[in-house]
Number of protein chains: 2
Amino acid sequence: MEKQTVTIYDVAREAAVSMATVSRVVNGNPNVKPATRKKVLEVIDRLDYRPNAVARGLASKKTTTVGVIIPDVTNAYFSSLARGIDDIAMMYKYNIILTNSDENGGKEVQVLNTLMAKQVDGIIFMGNQVTDELREEFKRSKAPVVLAGSVDAEKAQPSVNIDYVAAVAEAVKNLIDHGNQKIAFVSGSMDQAINHDYRLKGYKKALKDAGISYDDKLVFETDYTYKAGQSLEPALTAAGATAAFVGDDELAAGVMNGLTDAGVDVPSEFEVITSNDTKLTELVRPKMSSITQPLYDIGAVAMRLLTKLMNNETVDENTVILPYGLMKRSSTK
Amino acid sequence: MEKQTVTIYDVAREAAVSMATVSRVVNGNPNVKPATRKKVLEVIDRLDYRPNAVARGLASKKTTTVGVIIPDVTNAYFSSLARGIDDIAMMYKYNIILTNSDENGGKEVQVLNTLMAKQVDGIIFMGNQVTDELREEFKRSKAPVVLAGSVDAEKAQPSVNIDYVAAVAEAVKNLIDHGNQKIAFVSGSMDQAINHDYRLKGYKKALKDAGISYDDKLVFETDYTYKAGQSLEPALTAAGATAAFVGDDELAAGVMNGLTDAGVDVPSEFEVITSNDTKLTELVRPKMSSITQPLYDIGAVAMRLLTKLMNNETVDENTVILPYGLMKRSSTK
DNA sequence: CGCAACATTGAAAACGCTTTCAAGTCAAAG
DNA sequence: CTTTGACTTGAAAGCGTTTTCAATGTTGCG
C-alpha cells in the first residue's frame with residue numbers, strides 16, 4: 001500500500017553510473033560529461049525521481065527552509081510583512097515555517113527551539129518584546145536571526161524597520177499643527193520596546209518641540225484589538241483629548257468608530273492618525289490618515305538580508321531603516 | 001567558529017549507554033530502567049543536547065511538519081483559517097510550511113512538489129480552482145491532502161467547508177424577502193468551483209424559489225479586491241440592481257463604499273450581504289450583514305482531520321460540513 | 001535452586017543524499 | 001610514444017537518528 005519511492009540509488013543503477021554522478025547532475029554540478037548528464041536526466045525523468053530534501057538536508061546541513069515567528073497571521077500588519085518574506089524566500093528557493101506566537105515569551109522560546117531542532121537555515125522574528133531569555137536563544141542559535149518590523153532595545157540582532165520615533169513625531173506634529181493641544185497616545189502594552197522606546201519618545205519629542213507639556217493622563221495603554229479601541233471613547237473624551245495618535249490600525253479603527261458611534265465627529269471634533277497603513281485605513285469611513293510604511297518591503301528586505309547572512313556574505317549594514325511617509329486621508333483635518 | 005553541536009552519540013558516550021538507549025529516553029519509550037533514564041536525562045541536560053529533527057525525519061520517515069498552501073496570507077478569510085490550522089497543528093506537535101499560491105495553478109503544482117520533496121507528513125490546500133493537474137498531484141502524493149474552506153467539483157479529497165449553496169440561497173432569500181427583485185451576484189472568477197458550482201447555484205435556487213427569473217446581466221465577475229468592488233458602482237446601478245450578494249468581504253466593502261461614495265445609501269437604497277464574516281464586516285460603516293462561517297474552526301477541523309489521516313486512523317466522514325449562519329448587521333434592512 | 005518469562009540494553013543496519021579523495025581517461029604538448 | 005594536466009567518474013565515509021534483533025539481566029515461583 002505504501003507508495004513506492006525511488007531513490008538516487010535506483011537512478012544510479014538504472015543509468016549505470018554512480019550515485020555521485022547522479023547527485024552531480026541533480027545539483028547542476030558542471031563536472032559531468034554532457035552525454036552522461038543526458039543519460040541520467042532521461043532515467044530521472046523515466047523513473048520520476050524526486051530528491052528527498054530531508055536526506056539532502058542531513059547530508060549537506062542545509063535545509064533551505066527558514067523559520068518565521070509571527071505574533072498573529074490574522075493581523076494585517078504582520079501578514080503583509082509575511083507576504084513579503086515568503087515571496088523573497090520563494091525567489092531564493094527557501095520555504096517558510098510559519099508559527100504564531102501571540103507575542104507570548106514562553107511560546108516564542110519554545111517555538112524557537114523547535115525551529116532550531118528542525119535545522120532551519122535562518123529565522124525571521126516579528127514581535128516587539130524581546131525578553132532576555134529570547135535574546136539568549138538568539139545568541140546561541142547557529143542560524144542567523146533577523147527582526148522584521150520589530151525592534152529590540154539592545155540592537156543585538158540585524159533588523160529592518162522604519163524610523164519609528166521620527167515617524168510618530170511627525171504624525172503628532174501634524175496633529176499639533178492642526179491646533180490640537182491635548183493629543184492622546186494610544187498603543188498596546190508599554191512593555192513593548194516599540195511603544196515605550198520609540199513611539200512614546202516620538203510623541204514626547206513632538207510635544208516638547210511644540211512646547212506642550214507631557215501629560216501621562218493622555219497615554220492609553222490597551223490591547224491591539226478593535227474592541228479595545230471602540231471602548232476607549234468615554235475615557236478619551238473624559239480626558240479632554242481632541243486628537244489621538246494610535247499605534248495599530250485595527251485599534252485605530254476601533255477608536256474612530258467608537259468615537260463616531262458616540263456622536264463625536266471625526267475629524268472635525270476629533271482627529272485620529274494611525275501607524276501602519278494597512279488596507280484597513282482605506283476601508284473605514286472616514287478613511288484614516290496614517291504613517292505609511294513599506295510593509296511588504298520590510299518583510300522582503302528582511303528576508304533578503306537573511307539570505308545574505310545565511311550565505312555568509314558580508315553585509316555593510318545590519319540594521320536597515322526603510323523610509324516612511326505620512327498619508328493624509330480623512331480622519332485628520 | 002561553527003557552533004558545536006552535540007549529538008546523540010555524545011550523550012551515549014557520556015552516559016555510558018548505547019545510542020539506542022538515549023533514543024529511547026528521548027522518545028519516552030517506557031522500556032528503560034528508571035535509574036538509567038535519570039542518568040541519561042542528566043547528561044542530556046548537562047550537554048544541552050537537542051535532537052536533530054532532520055536526522056530523525058530521515059530515520060523515521062516522519063517530519064512532523066505539514067504543508068499549507070494558501071492563496072494569500074494577506075487575505076482575512078484565509079489567514080483566519082491559517083490561524084486555526086496552526087493552532088491545532090501546534091497542539092499536535094506539527095509545524096506548518098506556509099506558501100502563498102495566488103491561486104496560480106502553475107505555482108500551486110510547483111509548490112506542491114517542493115512540499116512533497118520536503119517530505120511533509122500531510123498537506124492542507126486552500127484555493128478554489130483544483131485543476132486536473134493539481135488533482136493528479138494530490139493523487140500521487142503519499143501524504144494525505146485535505147482541502148480547507150475550498151471545494152473541488154469532484155470531491156476526491158477530504159475537505160471541510162460549509163454548505164455554500166444553502167448559505168447563499170438563504171442570504172439571497174433574505175434579500176428577496178426585503179422586497180428586492182433585482183439582486184446582483186458579485187464574485188470572483190467563475191472558473192472557481194466555489195463560484196459557479198456553489199454560490200451561483202444557491203443564488204439561482206433562491207431566485208427560482210421566489211419565482212424570479214435569472215438574469216445573467218446581474219452577475220458580476222471580478223477580482224477579489226477592494227478596488228474592484230469600489231469601481232463596480234456604475235455598473236451595478238446601471239443594471240438596476242437594488243441589492244447584492246457578494247462573495248468576499250473585502251470586495252463587498254469595496255462595493256459598499258463605492259455605492260456610498262456615489263451617494264447611494266446603504267441599506268435604504270441598496271442592500272449588500274457578504275460571505276465570510278471576517279473582522280472587516282464590523283469595521284466598515286454601515287457594518288455588513290454576512291453569512292457567518294466558523295472560519296477558525298474550518299482551519300482547525302481541517303488540521304484535526306489531517307492528523308487523523310496522517311495517523312492512519314479511520315475517519316467516518318471525509319468531507320465535513322460545518323454549520324453556517326446569517327448575521328444581520330446594518331447593510332441590509 | 002532452576003527455569004520460564006519478562007525487562008533492559010546494545011550492535012548494527014538502515015534512512016537517502018552529499019562530498020572528499022583517489023583513480024581512470026583523454027587529448028594536447030614535448 | 002610519453003608526459004602532463006584537465007576532465008570525468010566512482011568508492012566510501014559520513015550526516016544524526018530510529019529501529020530491529022539478539023543478548024543479557026532479573027524476578028517470580030514451584
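A quick note: this is a predicted structure, and the numbers were derived from the prediction, not measured. Sequence lines set the chain letters: A, B, ... in the order given, protein chains first and strands last, and positions in each chain run from 1.
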Answer yes if the side chains of A/Asn311 and A/Thr307 hold a donor-acceptor pair under 3.5 Å, and no otherwise.
-> no

Any [X] side-chain N or O less than 4.0 Å from OP1/OP2 of [N]:
X       : N      : answer
B/Lys61 : C/dG16 : yes
B/Ser60 : D/dT18 : no
A/Ser23 : C/dC17 : no
B/Thr36 : C/dT8  : no
B/Asn27 : D/dT18 : yes

What is the distance from [atom1] of [X] to [atom2] of [N], rounded to the nearest Å?
X       : N      : atom1 : atom2 : result
A/Tyr9  : C/dA14 : OH    : P     : 12 Å
B/Ile8  : C/dT9  : CD1   : C1'   : 14 Å
A/Leu47 : C/dG16 : CG    : P     : 14 Å
B/Asp10 : D/dT17 : CG    : C1'   : 13 Å
A/Met19 : C/dT20 : CE    : C1'   : 14 Å
B/Asn29 : D/dT18 : CG    : C1'   : 11 Å
A/Arg56 : C/dT18 : CZ    : P     : 5 Å
B/Lys39 : C/dT8  : NZ    : P     : 14 Å

Looking at [options], which one has an atom nearest to any side-chain atom of [X]?
X       : options                : answer
A/Leu58 : D/dT17, C/dT19, D/dC15 : D/dC15
B/Asn31 : C/dT9, C/dC15, C/dT19  : C/dT9
B/Lys33 : D/dT9, C/dT8, D/dT19   : C/dT8

Between A/Arg83 and B/Asp102, is the closest basic N to carboxylate O distance under 4.0 Å?
-> yes

Ion pair present between A/Glu42 and A/Lys39, side-chain N to carboxylate O less than 4.0 angstrom?
-> no

Taking any heavy-atom pair under 4.0 Å as a contact, classify [X]: base, sugar-phosphate, or nothing.
X       : result
A/Val32 : sugar-phosphate
B/Thr21 : sugar-phosphate
A/Thr7  : sugar-phosphate
B/Asn52 : sugar-phosphate

Can you name the nearest heavy-atom pair linking B/Asp121 to B/Pro144, along with the distance?
-> O-CD, 3.3 Å

How many angstroms lie between atom OG1 of A/Thr64 and atom CZ of A/Arg56, to the nearest 0.5 angstrom?
-> 8.0 Å

Of A/Arg24 and B/Val17, the one whose closest DNA chain C nucleotide lies more 5' = B/Val17

Toward the 5' end of DNA chain D, by each residue's nearest nucleotide, A/Ala55 or B/Val22 = A/Ala55

Sub-3.5 Å donor-acceptor pair from the side chain of B/Ser101 to the main-chain atoms of B/Glu108, do we have one?
-> no

